[in-house]
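Here's the structure we're looking at; comments come further down.
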Amino acid sequence: MMAKSGDISVFSVLVTGSDRGIGLGLVKRFLQLPCPPKWVFATTMDLQGEENQELKELACKHPNLVVLQLDVTKLESVQAAVAEVQKCVGEGGLTVLINNAGIIAGSDLDRETAKDMMRAYSVNTIGPLQMSQACLPLLKMATRRTPCHGLSACKAAIINISSILSSIELMDRWETVKAVAYRCSKTALNMLTKCQSLEYSKHGILCVAIHPGRVKTSNAEAEISVEESTQGILTVLSKLSEEDNGSLVDWLGRQIPW
């Protein structure tokens, strides 16, 4: 039986790329929990941007929501945002880092460009690497808040938002969605997740990649709503354990082959 999202209880969570789409949806889900986190950090590239209106309204209603400026491709921006997080959480640390910020870039093999490849890797792969590195001390602090053994999102976790298009075995929808740069950058993100799972588990930190589903944001072939996807992701988070460390799962918790 699927656990309800209310079963998850975390001290703090940071969601990158949360001014719209899945990121904003995840922020809403955390704020709506029966026992919401003491701190919810949402990030946007432009604090003054018009697309941040809904996020700003949420911040006015929820004193535990902190909106931060962040460009995951710029190390100084990453460090500045994490410094603000540390000021808020103190010794409590950061329980969950959700590397959601990403871009869909790329074309078919004949038209793919170095520029698109580098842009996709910069945001989708290097961004999560830099965020995870910067947040590692805070994630380690969070593990000290819970005496339980094993790994779980309630203790400390890095969640990398990946895609089913990253699966080399499945090569999902190749005939209709080439997007070579995007596919390659998300496959690299999966490898980063696996490396993190091997290195960070000794510190008590769970590392998992999640495919959020084909969501109705800019996806013309969408199958589920942002609400369905993000509710599913929170349910998955509540059930993750040591057995899931270093794996790629979807929004319903089903394993996806590499």
Side-chain angles (χ1 to χ4, degrees), residues 8-19 22-24 26-27 29-31 36-45 47 55 64-102 121-146 151-162 185 188-210 233-234 237 240 244-246:
I8 187 170
S9 176
V10 301
F11 171 73
S12 58
V13 58
L14 189 162
V15 185
T16 67
S18 44
D19 48 8
I22 295 168
L24 179 59
L26 284 169
V27 167
R29 297 289 84 74
F30 277 107
L31 292 173
K38 183 174 181 179
W39 297 103
V40 177
F41 300 97
T43 79
T44 175
M45 287 187 66
L47 286 174
L55 196 55
N64 59 330
L65 173 59
V66 178
V67 181
L68 301 170
Q69 191 281 327
L70 173 66
D71 182 342
V72 298
T73 68
K74 297 180 179 177
L75 185 56
E76 61 273 20
S77 178
V78 169
Q79 293 171 336
V82 174
E84 290 301 311
V85 172
Q86 184 159 21
K87 288 179 185 176
C88 295
V89 301
E91 295 298 313
L94 180 64
T95 315
V96 179
L97 167 64
I98 301 181
N99 286 312
N100 168 73
Y121 272 86
S122 181
V123 179
N124 298 345
T125 312
I126 300 171
L129 169 67
Q130 293 190 144
M131 281 300 301
S132 302
Q133 289 172 328
C135 289
L136 183 58
L138 296 179
L139 290 161
K140 288 180 179 179
M141 286 183 191
T143 63
R144 302 174 197 140
R145 289 182 56 84
T146 172
L151 303 175
S152 75
C154 296
K155 186 174 184 179
I158 296 172
I159 306 298
N160 294 321
I161 300 300
S162 185
S185 67
L189 178 63
N190 293 347
M191 175 57 85
L192 174 63
T193 304
K194 191 68 176 181
C195 293
Q196 290 172 331
S197 72
L198 296 173
E199 187 67 22
Y200 295 161
S201 59
K202 63 187 178 186
H203 301 299
I205 302 168
L206 174 75
C207 301
V208 173
I210 293 181
I233 290 171
L234 255 69
L237 291 184
L240 291 175
D244 303 297
N245 191 41

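Excluded from the calculations below are hydrogen atoms, water molecules and symmetry mates; all remaining heavy atoms, backbone and side chain alike, are included. Predicted, not measured: the structure shown is a model, and the values here were computed from it.
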Heavy-atom closest pair, residues Lys38 and Asn64: O-CB, 3.1 Å

Summary of side-chain hydrogen bond (donor to acceptor under 3.5 Å, both in side chains) pairs that have at least one residue in residues 126-139, sequence neighbours excluded: Asn99-Ser132, Ser132-Gln196

Contact summary for Leu70 and Ala81, nearest pair of heavy atoms: CD1-CB, 4.0 Å

Heavy-atom pair of closest approach, residues Asp19 and Leu24: O-CD2, 3.9 Å

CD1-CG distance between Ile126 and Leu189, expressed to the nearest 0.5 angstrom: 11.5 Å

Determine all donor-acceptor pairs shorter than 3.5 Å in which one atom belongs to a side chain in residues 87-97; sequence neighbours excluded.
unit_1, atom_1, unit_2, atom_2, d
Lys87, NZ, Glu84, OE2, 3.1
Thr95, OG1, Phe11, N, 3.3
Thr95, OG1, Ser12, N, 3.1
Thr95, OG1, Ser12, O, 3.4

Nearest-0.5 Å distance that lies between atom CG in Asn160 and atom CG in Asn124: 11.0 Å

Asn100 side chain to Thr16 backbone, donor-acceptor under 3.5 Å: yes

Shortest non-hydrogen contact between Thr143 and Ala156, atoms and distance: CG2-CB, 3.5 Å

Distance in Å, Leu26 CG paired with Ile233 CD1, rounded so as to fall on 0.5 Å steps: 5.0 Å

Heavy-atom side-chain proximity of Val82 to Gln86 below 4.5 angstrom: no

Spacing of CG belonging to Leu234 relative to CZ belonging to Phe30, to within rounding of 0.5 Å: 4.5 Å

Plane angle bin for Trp39 and Phe41 - parallel if under 30°, tilted between 30 and 60°, otherwise perpendicular: parallel

Shortest non-hydrogen separation from Val208 to Thr193 and the atoms involved: C-CG2, 3.6 Å

Leu206 side chain reached by Ser152 side chain, heavy atoms, under 4.5 Å: no

Under 3.5 Å donor-acceptor, Ser18 side chain and Thr43 backbone: yes

Minimum-distance pair of heavy atoms, taken over all atoms of Ile205 and Asn245: O-OD1, 4.2 Å

Straight-line distance of Cys207 SG to Glu199 CD, nearest 0.5 Å: 10.0 Å

Distance (rounded to the nearest 0.5 Å) between Met141 CE and Cys135 SG: 11.5 Å

